[in-house]
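Report on the structure given below.
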Amino acid sequence: MTSPTSDALLGPAEIRELAAVLGVRPTKQRGQNFVIDANTVRRIVRTAEVRPDDVVVEVGPGLGSLTLGLLETADRVVAVEIDDVLASALPATVAARMPERADRFALVHSDAMHVRELPGPPPTALVANLPYNVAVPVLLHMLDTFPTIERTLVMVQSEVADRLAAPPGSKVYGVPSVKANWYADVKRAGAIGRNVFWPAPNVDSGLVALTRRAEPISTTATKADVFSAVDAAFAQRRKTLRAALAGWAGSAPAAEAALVAAGISPQARGESLTVEEFVRIAENRVAADHGDATGKTAAGRRYAPGPAPEPAPENEESTQP
């Protein structure tokens with residue numbers, strides 16, 4: 001493989017010049033704050049542990065800052081871009097700045113939430129700087145749609161990074177934390193300052209690394225069953241699970257029965273539960289629906305009620321390369 005030259009990546013002057021030529025003005029609506037620092041790009045690629053045999057999918061490539069950095073190392077890069085102007089310009093940028101790797105690049109002009117297949121070999125890694133308003137849904141969609149993705153590194157608003165990586169019992173532990181854990185082990189992987197973007201965002205950004213579980217969670221419930229229990233538990237996060245899951249289970253007594261059968265206190269709250277515990281709750285409601293609420297899965301388990309943390313912040317803002 002030919003090694004690209006170090007000046008192939010985009011710097012502040014190149015980013016602004018390219019944006020001017022394309023008539024691109026970064027919009028808050030799509031979280032467009034472009035990465036202008038090559039060292040930050042290489043740090044992201046390094047932190048993502050991108051390998052020479054990786055097929056990387058990137059969501060929201062923007063002007064191509066991170067795309068070029070990924071192409072320096074990965075075998076192939078597939079970029080998913082929704083913006084018409086940015087999507088039309090990116091292949092030419094890759095061809096001009098890294099011609100020896102242009103045949104290793106593919107563009108999908110689409111909303112990432114609608115992507116169901118990608119060109120070329122199955123992706124092995126996801127590396128992306130996700131716009132604030134779609135960060136969590138896009139992440140979960142990509143992990144669900146492409147089970148071959150083994151490693152993920154996403155840059156999101158710092159508060160969102162905290163939520164995704166939060167452990168049970170944390171004040172910011174919630175729906176994103178549990179659902180991300182369904183697919184992967186999740187951890188914070190660093191912070192990104194505001195001055196590496198143009199224009200500079202009003203929030204700090206954070207890196208989140210996800211390593212897909214070696215084996216999917218084994219359960220008789222469906223993912224939809226489990227996720228609906230998670231959604232119900234956190235929709236009324238200050239309430240006990242007996243009350244919060246009443247509508248989901250059909251009644252408060254039915255919720256209590258499923259909780260007790262799962263070995264979980266009806267007085268606990270969602271913030272104290274792991275994804276595996278939500279799985280047990282879903283399994284026991286499914287069993288009850290089939291007339292088999294035997295509580296077999298609860299044998300020998302003990303439970304303790306968890307604390308009720310403060311609600312997590314809802315405002316999110318992030319950036320795009």
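Only this structure's heavy atoms are used, side chains among them; waters, hydrogens and symmetry mates stay out.
- Between the side chain of Y183 and the main chain of L210, no donor-acceptor pair closer than 3.5 Å is present.
- E150 is not listed as a side-chain neighbour of T211, based on a closest heavy-atom distance of 4.5 Å or more.
- Few gaps surround CD on E276; more than 12 heavy atoms of other groups in view lie less than 6.0 Å from it.
- T124 places a side-chain N or O within 3.5 Å of a backbone atom of V55 that can act as its donor or acceptor partner.
- Annotation for V108 and P119: closest pair CG2-CD, 3.6 Å, computed over non-hydrogen atoms.
- Listed for the H141 side chain is a donor-acceptor partner under 3.5 Å among the backbone atoms of V115.
- Residue S177 comes nearest to A166 through the heavy atom pair CB-O, 3.8 Å, listed as atom of the first residue, atom of the second, then distance.
- Distance check, rounded to the nearest 0.5 Å: CG of D37 to CD1 of I15 gives 11.0 Å.
- Using a 4.5 Å heavy-atom cutoff, the side chains of V80 and E58 are not in contact.
- Annotation: side chain of Y173 is not in contact with side chain of L273 (no heavy-atom distance under 4.5 Å).
- Annotation: side chain of L126 is not in contact with side chain of R151 (no heavy-atom distance under 4.5 Å).
- Heavy-atom neighbours of Q236 CD from other residues, nucleotides or ligands within 6.0 Å: above the threshold of 12.
- The distance from atom CZ of R213 to atom OG of S218, rounded to the nearest 0.5 Å, is 11.5 Å.
- Here the closest non-hydrogen pair linking T274 and P168 is CG2-CG, 3.9 Å.
- Remark: the backbone N or O of A74 is not paired with any side-chain donor or acceptor of R51 at under 3.5 angstrom.
- No donor-acceptor pair under 3.5 Å is formed between the side chain of R212 and the backbone N or O of T148.
- When L68, L153, L70 are each tested for a side-chain contact (heavy atoms from CB on, under 4.5 Å) with V45, only one passes: L70.
- Checked by atom type and distance alone, the side chain of S228 pairs as donor or acceptor with a backbone atom of A224 at under 3.5 Å.
- Distance alone, capped at 3.5 Å, places no donor-acceptor pair between the S110 side chain and the A112 backbone.
- Nearest heavy-atom pair, K239 versus R269, reported as atom, atom and distance to 0.1 Å: O-CG, 3.4 Å.
- For the atom pair OG1 (T40) and CG (N195), the distance works out to 7.5 Å, reported to the nearest 0.5 Å.
- In this structure, the separation between CD1 on I36 and CZ on F197 is 9.5 Å, given to the nearest 0.5 Å.
- Between L66 and I44 the shortest side-chain heavy-atom distance falls below 4.5 Å.
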>> Go through it in stages, so that I can follow the logic: the residues are L18 and E14, the test is side-chain contact (heavy atoms from CB on, under 4.5 Å), and I'd like the CA-CA distance, side-chain angles, deciding distance and then a yes or no.
In response: CA-CA 6 Å; L18 187 54; E14 291 87 356; over 6 Å; no

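- Between atom OG of residue S205 and atom CE of residue M155 there is a gap of 6.0 Å, rounded to the nearest 0.5 Å.
- R285 places none of its side-chain heavy atoms less than 4.5 Å from the side chain of L245.
- Of the possible polar contacts, none joining the E271 side chain to the G174 backbone as a donor-acceptor pair under 3.5 Å is found.
- Looking at T219, V226, D225 one by one, the single match for side-chain contact (heavy atoms from CB on, under 4.5 Å) with E283 turns out to be T219.
- Here the closest non-hydrogen pair linking D54 and E49 is OD2-O, 3.9 Å.
- Here R16 contributes atom CZ and L10 contributes atom CG; the two are 12.5 Å apart, rounded to the nearest 0.5 Å.
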> Taking it one step at a time, do V154 and T152 satisfy side-chain contact (heavy atoms from CB on, under 4.5 Å)?
Replying inline: CA-CA 6 Å; V154 291; T152 294; 3.8 Å; yes

>> For V178 and F234: C-alpha separation, side-chain torsions, deciding distance, then whether side-chain contact (heavy atoms from CB on, under 4.5 Å) applies.
In response: CA-CA 10 Å; V178 182; F234 288 99; 3.9 Å; yes

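- Between A8 and R97, the closest heavy-atom pair is O-NE, 2.8 Å.
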>> If you apply the rule side chain to side chain donor-acceptor pair (under 3.5 Å), what do you find for H109 with D83, and how did you get there?
In response: CA-CA 8 Å; H109 183 193; D83 187 283; over 6 Å; no

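- With ring centers used as reference points, F278 lies 6.0 Å or more from W182.
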>> Pair R101, E72 - check salt bridge (charged side-chain N to carboxylate O under 4.0 Å, His left out), show working.
In response: CA-CA 8 Å; R101 304 293 290 158; E72 278 192 331; over 6 Å; no

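- Between the side chain of R76 and the backbone N or O of P123, no donor-acceptor pair lies under 3.5 Å.
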>> Please determine whether salt bridge (charged side-chain N to carboxylate O under 4.0 Å, His left out) holds for the pair K179 and D231, giving the CA-CA distance in whole Å, both sets of side-chain angles, and the decisive distance to 0.1 Å.
In response: CA-CA 10 Å; K179 291 185 177 180; D231 289 335; 2.9 Å; yes

>> Assess the residue pair W198 and V35 against the criterion (side-chain contact (heavy atoms from CB on, under 4.5 Å)); give the C-alpha distance rounded to whole Å, side-chain angles, the decisive distance to 0.1 Å, and a yes or no.
In response: CA-CA 6 Å; W198 171 70; V35 178; over 6 Å; no

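- A donor-acceptor pair is defined here as one N or O able to donate and one able to accept, closer than 3.5 Å; such a pair exists between the side chain of T93 and the backbone of A89.
- At least one side-chain heavy atom of M142 sits under 4.5 Å from a side-chain heavy atom of V57.
- Looking only at side-chain heavy atoms (C-beta outward), F105 and P91 come within less than 4.5 Å of each other.
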